[in-house]
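Note on naming: letters A, B, ... go to the chains in the order of the sequence lines (proteins, then strands), and numbering restarts at 1 for each one.
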Amino acid sequence: MDDIKVNQNPKLGSLDRPNSYIGRSLPRENAKKHLDGGGQFVDDLTLPRMVHVAFLRSPFAHAEIKSINTNDAKKSDGVVDVFTAKEIDEVCKPWIGTLGHLGEMRSPEQTPLAKKIARWQGEPVAVVIADSRAQAEDALELIEVDWAEKEAQVDMETALDSNAVVIHPELGNNLFWTRTVNQGDVEKAFKKADAVVEATLDFARHTGVTLESRGIVADWNKAENKMTIYHNGQAPHMMQHIIAKHLDLNEGLVRIVSRDVGGSFGIKVHVYPDEMAVTAISKKIGRPVKFIADRLESFTTDIHARCHKISGKLGVDKNGKILAMEIDDLSGIGPFSMYPRTSAIETNQVLNLSGAPYVIPNYKAVGTVVFQNKTPMCQYRAVGHPIAVAITEALIDKAAYKIDMDIDKIRKINFIPDNAYPNKCPSGVPLEDLSHEASMDKLLEIMDIKEIEAQNEEDFKKGVLTGHGVISMCEVTNPSPLFYGVGGAHISSQDGASIRLEGSGAIHLSSSITEQGQGTEAIMKQIAADQLGVKMESVRVTLGDTDATPYGGGTWASRGAGIGGEAVLKAARKLKDNILNIAAAIMQTDKDTLDIEDNNVIRKNGGEGITLQKLAETVYYRGHELPKGTNAELLATASFLIEGIPFVFTNSAMGCQVSIDQDTGIIKINKFWAVEDCGTQINPKLVEEQIRGGVIQGIGGALFEECVYDNQGNMQNATMADYLVPMAYEMPDIIVDHVTTNSGRSIIGAKGAGEAGTGGAPAVIMNAVNNALKQVNAEVVSQPITPEKILKALGKI
Amino acid sequence: MKAAHFSYHEALNLQDAIKIKAHDDESVILAGGQSLLPALNMRLSSPTCLIDISKISGLNEIKIDGQTLFIGALATHSDVMNNKTVKNNMPCMFDILKMVAHPAIRNKGTHGGSIAYGDPAAELPALAVATNAEIIVSGQNGDRSINAKDFYLGLFETTINQDEIVVGIKYPLLKKGQKIVFDEVCRRHGDYAMAGLIANVMGSKNDIKDLKLVFFATGDKPDVADKTARLCLENGYDYDKLKNSLSTEIDFAGDLNSSSEMKLHLATVLIKKVLSKLEI
Amino acid sequence: MAGNNSVNISFTVNGENFNNVNVPSRQHLADYLRSQGFTGTHLGCEQGACGACTIEMDGKAVRSCLVLASQANGANLKTVEGFDDEMMEKVKQNFLKHNAFQCGFCSPGMLMTTKEILLNKKKLTRDEIRSEISGNYCRCTGYQSIVDAIEECINEIN
Ligand SMILES: Cc1cc2nc3c(=O)[nH]c(=O)nc-3n(C[C@H](O)[C@H](O)[C@H](O)COP(=O)(O)OP(=O)(O)OC[C@H]3O[C@@H](n4cnc5c(N)ncnc54)[C@H](O)[C@@H]3O)c2cc1C
Ligand code: FES
Ligand code: FES
């Protein structure tokens with residue numbers, strides 16, 4: 001990885017000065033502990049008197065719990081107690097996963113353990129507390145439940161039928177939420193179109209499969225009235241609020257500690273019934289309680305993602321100009337909307353983002369979200385993006401084929417021009433600082449389309465179906481309060497940073513952003529050291545502890561660098577200002593003649609300076625030496641929030657080439673390219689790795705991953721042997737390049753980069769596959785694109 | 001999940017293991033543990049006692065024994081892959097085992113375990129059947145030798161008796177002009193296949209004199225397709241005809257990754273793939 | 001029924017002696033090691049499919065979730081905490097350089113798999129490296145950086 005030589009953000013200064021760390025691909029020295037086995041994950045923690053739990057989970061997708069007998073289980077070796085909903089409900093109040101700002105949402109109260117009815121296979125029903133997890137599992141086998149299995153509503157497509165099983169009778173039907181967006185007049189525009197194309201795409205459910213499963217240790221300390229939660233979550237302050245609220249605790253006395261987290265991707269930002277139960281148990285029995293989901297529990301209780309069927313229609317004139325687009329999306333979310341973010345956001349994003357890169361004067365979108373007896377579905381990396389991008393880009397390819405235009409050309413003539421921002425998505429959501437034109441140009445340059453097309457033809461002669469695709473997309477990052485807060489959720493959209501110069505000369509920084517491996521700590525250090533003028537090694541960072549960090553939202557929706565990073569930048573600038581003021585007083589000179597370099601206050605015009613250590617010593621130990629009235633604060637805090645716009649968008653362009661084995665239906669990804677514009681890259685290597693990891697996750701969804709259900713609502717492949725995650729052998733190398741358009745919303749100019757790969761890869765893979773299949777007049781419309789689906793499309797089976 | 005209780009017994013020698021096994025119906029042999037431990041960890045199986053045979057010496061021997069290549073039950077997949085005698089006498093073994101799981105699993109998983117377990121999706125049982133191998137088992141009444149085709153009865157079901165332990169497999173040495181060719185189709189490298197084929201061929205690509213086809217991951221045990229092999233010998237490769245023949249000869253059982261139609265198609269295609277690997 | 005619910009065994013971990021310790025018969029080695037503070041050995045599936053628990057047992061990579069602790073009698077075990085020889089320090093430097101891990105949860109297993117690749121002393125292509133690590137799941141990186149790091153290790157060693 002080469003350093004970029006000139007920082008393209010003038011507000012940050014050039015890269016050729018000392019301590020210019022922003023924009024450099026520096027290794028994450030802080031993360032080396034993982035290579036020495038020194039990470040501190042939740043399951044690594046053992047507390048005195050700690051007990052373990054195992055949950056009895058519903059084996060049925062829909063069943064009445066007529067009675068539960070826990071007597072024998074309570075007598076089993078090592079068992080401390082066995083609880084059902086009755087005991088847990090005494091300490092934990094129910095919740096409802098709805099928000100107020102997106103129209104009517106209807107979801108019933110949810111409790112940690114199912115009461116009379118279990119509504120998905122895996123829903124917790126009872127819990128054994130024991131000295132070890134193995135003993136707790138032994139006792140599970142002794143719990144007797146008298147189940148009366150009910151018919152399950154599994155298929156989302158029949159969920160609103162008049163004869164559907166209504167999962168929550170009090171709601172009357174299975175509708176959770178619906179929204180319609182209508183801009184312009186699509187009907188009229190379609191009539192004027194020279195070509196109208198249609199597509200209906202299916203997206204299976206998949207799930208996060210973080211290598212580290214969900215885990216929590218709850219430790220109620222009665223003497224201090226304090227609840228400490230060690231949790232591998234993404235949003236500590238959100239959890240602090242929720243646990244205080246539902247367990248009726250003093251919020252200030254709830255401490256959430258999230259040390260190392262083994263991947264999250266949105267999976268770990270939600271409130272899970274079993275985790276709430278664990279917290280309640282600790283409160284009830286006054287001992288530390290540990291719960292680590294095993295892989296079976298992960299598959300059946302971590303939120304699932306996607307689960308959409310979307311139909312779309314696109315009208316173009318004979319020159320390829322898009323006149324209108326219409327989509328209709330159906331999504332199934334399981335029996336409850338997740339708390340506190342709701343399960344409406346995925347569909348909302350589909351409606352917001354479809355067609356986003358393009359000028360589409362007439363746009364209509366309908367989204368319908370229904371309940372079903374499957375694992376709850378909610379926000380996962382690239383919320384809604386894969387669906388929005390895939391339908392848009394599939395339609396555009398179809399239109400291009402229909403009017404016989406190159407797939408890159410049709411995109412280019414429809415892009416919102418790079419110089420036409422601020423602008424709006426077809427749905428009306430504001431956009432700014434994007435570069436679809438430049439990004440596509442860059443993509444085409446690195447891909448060499450001519451060469452690829454020649455290769456496709458060559459392969460065809462040999463009987464191999466090879467094809468390619470290109471796509472363009474917008475990624476939602478850095479959300480403002482208009483995302484959740486406005487709807488009533490206690491989820492901070494502001495983030496804080498606190499930075500101090502210590503007596504030793506060391507810098508300590510804390511931030512409300514959390515780390516799950518993205519490199520949060522590293523980039524925070526880079527920003528702080530860069531802005532202060534100190535060596536990176538002298539900065540120490542604290543994250544993920546509500547007792548020790550500023551208040552804020554945490555890490556989700558690609559907001560770490562853009563929001564949290566800006567807060568660090570502002571705090572560092574404030575501290576620098578303070579330091580220079582103090583130095584000016586000590587050195588009896590004008591502050592403007594001073595600067596900080598390599599941990600020294602220097603005189604810009606030469607002459608003797610003073611080390612930060614000396615300065616700190618003077619401030620802390622010999623404050624009397626300072627001139628009277630000097631403001632000697634070596635601690636600065638700042639916070640940042642996006643204002644005036646719902647999100648700061650990022651854009652990317654992706655391309656790939658695939659080959660299909662006509663005998664086996666196996667798809668090989670020959671090459672993959674991604675061009676990302678995320679504004680200022682604080683650490684380009686880390687940006688690229690976000691893209692790569694994201695793309696592979698997207699390829700997972702496109703080709704491999706699926707939660708397979710039978711028609712009774714039983715998940716069939718809830719093991720890592722049967723659920724196919726992407727492994728190294730089948731995955732391609734990914735060539736990443738950049739265009740840089742800084743966000744005007746902040747000094748740092750950074751936007752998010754965490755989700756585009758996952759959002760865009762499914763679309764470009766599908767387009768490339770269909771480009772290859774087009775040569776034999778075949779097509780696939782459903783993800784994951786399995787070998788079997790390919791063979792069916794080819795008429796081989 | 002964590003395994004349920006069982007007791008653990010480290011067998012000192014074969015007789016010791018046989019004795020315990022004979023007296024406890026619910027005891028199981030633990031060899032490499034690479035199939036057994038996943039089942040135990042997930043509480044899919046709850047034996048009373050595990051008899052660990054992995055430390056019995058001599059059971060991992062690999063040698064030429066008369067007209068056969070003998071592979072001791074405890075030889076791990078890695079041992080077999082790295083063994084010179086195997087390489088010289090059964091060169092296909094390396095390619096086959098390379099498709100079995102992943103290196104760390106092959107370091108523990110044993111040849112005998114794979115043969116004894118009788119997983120219909122596993123490669124080695126099909127190889128044993130295709131090569132007409134003999135499976136040597138030892139029990140209270142001494143040793144017996146079972147032809148591989150008689151060994152497999154159904155899904156994870158073999159002719160092995162409760163007191164018996166697989167001690168080794170005898171693969172007949174290849175004759176001049178004889179070749180074992182193999183291919184399989186899987187979703188991901190190292191996964192169990194959607195369908196696989198081991199072909200025992202006499203002759204060369206243009207002049208096949210004899211052909212035996214044994215499929216795996218297609219039904220409930222290694223599936224021998226003699227009729228189809230004959231048809232192929234007589235008529236050459238004809239997709240439709242062979243597919244038709246296979247559909248009558250094998251009871252294809254679909255699984256999560258491939259339906260029975262998919263398996264039938266892949267099985268047919270595998271014949272072509274395997275034959276194309278022969279030298280002219 | 002023969003045997004007991006626990007057994008007494010002796011073995012070493014990273015050179016440290018564990019003499020005559022009592023382990024539950026049913027406990028797998030990963031859980032036992034973790035209970036003794038070797039928490040660098042991670043669990044991702046407990047069925048052999050993810051590779052997170054891969055450690056070294058008598059010089060070979062094994063899945064510690066698929067070995068019983070009781071089977072470790074007499075064994076020399078090495079976990080990530082003990083990967084401190086010159087070769088492994090180099091490997092770690094390359095992992096760091098290429099950012100061959102994000103959350104780090106897969107790293108202990110990846111490092112063990114890398115170690116075995118390097119001990120085999122073969123010059124591997126990128127595809128062959130991908131094949132060798134195809135039993136180790138990483139959700140974060142997308143693998144390319146891991147392949148880069150291993151490729152550099154192989155080049156340095158040969
Ligand atoms: C992730 C993963 C992927 C895998 N992929 C494949 C694959 O693609 N192809 C494949 O073929 N295998 C695969 N395997 C299985 C692997 O090859 C096993 O090693 C093998 O099937 C069993 O051998 P073992 O020595 O581990 O047997 P164990 O697990 O010890 O035993 C398995 C069964 O056989 C019995 N048994 C074992 N040895 C004997 C004996 N000598 N006599 C009598 N009974 C005995 C046991 O009692 C037990 O019931 C995979 C395993 C894993 C974990
Ligand atoms: S935990 Fe052992 S392989 Fe996954
Ligand atoms: S770095 Fe997170 S799983 Fe590999």
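Only the side chain of Gln93(C) comes within contact range of chain A, with heavy atoms under 4.5 Å apart. The contact between Val209(A) and chain C is made by backbone and side chain atoms together, counting heavy-atom distances below 4.5 Å. Contact annotation for Ser132(A): neither backbone nor side-chain heavy atoms come within less than 4.5 Å of a heavy atom of chain C. Residue Ile292(A): no heavy atom, backbone or side chain, is found under 4.5 Å from chain C. Heavy atoms of Phe83(C) lying under 4.5 Å from chain A are absent altogether.
Ranked by heavy-atom pairs shorter than 4.5 Å toward chain C, the options Thr46(A), Thr719(A), Thr210(A) are led by Thr719(A). Listed options Ala721(A), Ser264(A), Pro27(A) were ranked by heavy-atom pairs under 4.5 angstrom with chain C; first place goes to Ala721(A). Chain A forms the most heavy-atom pairs under 4.5 Å with one residue out of Cys103(C), Gly104(C), Ala49(C), Cys45(C), and that residue is Cys103(C). Ranked by heavy-atom pairs under 4.5 Å with chain C, the list Leu296(A), Ile699(A), Ile734(A) is led by Ile734(A). Options Ser213(A), Ala134(A), Gly263(A) differ in how many heavy-atom pairs under 4.5 Å they form with chain C, and the most are formed by Ala134(A). The candidate from Val695(A), Asp43(A), Asp294(A) with the greatest count of non-hydrogen atom pairs under 4.5 Å with chain C is Asp43(A). Across Glu46(C), Gln47(C), Arg126(C), Glu81(C), the residue that shares the most heavy-atom pairs under 4.5 angstrom with chain A is Gln47(C). Counting heavy-atom pairs closer than 4.5 Å to chain A, the top-ranked of the candidates Ala52(C), Cys138(C), Gly44(C) is Gly44(C). Here Met727(A) is the residue among Glu29(A), Arg295(A), Met727(A) with the most heavy-atom pairs under 4.5 Å with chain C. Looking only at heavy-atom pairs under 4.5 Å with chain A, the residue among Leu96(C), Val91(C), Thr79(C), Ile133(C) that has the most is Leu96(C).
Within 6.0 Å of the NZ atom in Lys33(A), the count of heavy atoms belonging to other residues, nucleotides or ligands exceeds 12. At most 12 heavy atoms of other shown residues, nucleotides or ligands fall within 6.0 angstrom of atom NZ in Lys121(C). The environment of Asn76(C) atom CG is dense: over 12 non-hydrogen atoms of other residues, nucleotides or ligands sit within 6.0 angstrom.
Checking Glu689(A), Arg28(A), Lys685(A) one by one against Asn99(C), the side chain to side chain donor-acceptor pair (under 3.5 Å) holds for a single residue, Arg28(A).
When all heavy atoms are compared, the tightest approach of Leu35(A) to Phe95(C) is CD1-CB, 3.8 Å.
Judged by distance alone, the side chains of Gln102(C) and Gln690(A) do bring a donor and an acceptor atom under 3.5 Å apart.
Note that CG of Asp44(A) and CZ of Phe38(C) are 13.5 Å apart. Values are rounded to the nearest 0.5 Å. Note that CD of Glu730(A) is 9.5 Å distant from OG of Ser131(C), once rounded to the nearest 0.5 Å. To the nearest 0.5 angstrom, Phe101(C) atom CZ is 9.0 Å from Lys32(A) atom NZ.
In this structure the side chain of Cys50(C) reaches within 4.5 angstrom of the side chain of Met720(A), judged on heavy atoms. With a 4.5 Å cut-off on side-chain heavy atoms, His42(C) and Leu211(A) do not count as touching. Contact check for Arg130(C) versus Asp733(A): side-chain heavy atoms found under the 4.5 Å cut-off.
Scanning residues 139-156 of chain C against chain A with a 4.5 Å non-hydrogen threshold yields Arg139(C), Cys140(C), Thr141(C), Gly142(C), Tyr143(C), Gln144(C), Ser145(C), sorted by number. Among the residues in residues 10-35 of chain C, those with a non-hydrogen atom closer than 4.5 angstrom to a non-hydrogen atom of chain A are Arg26(C), Arg34(C).
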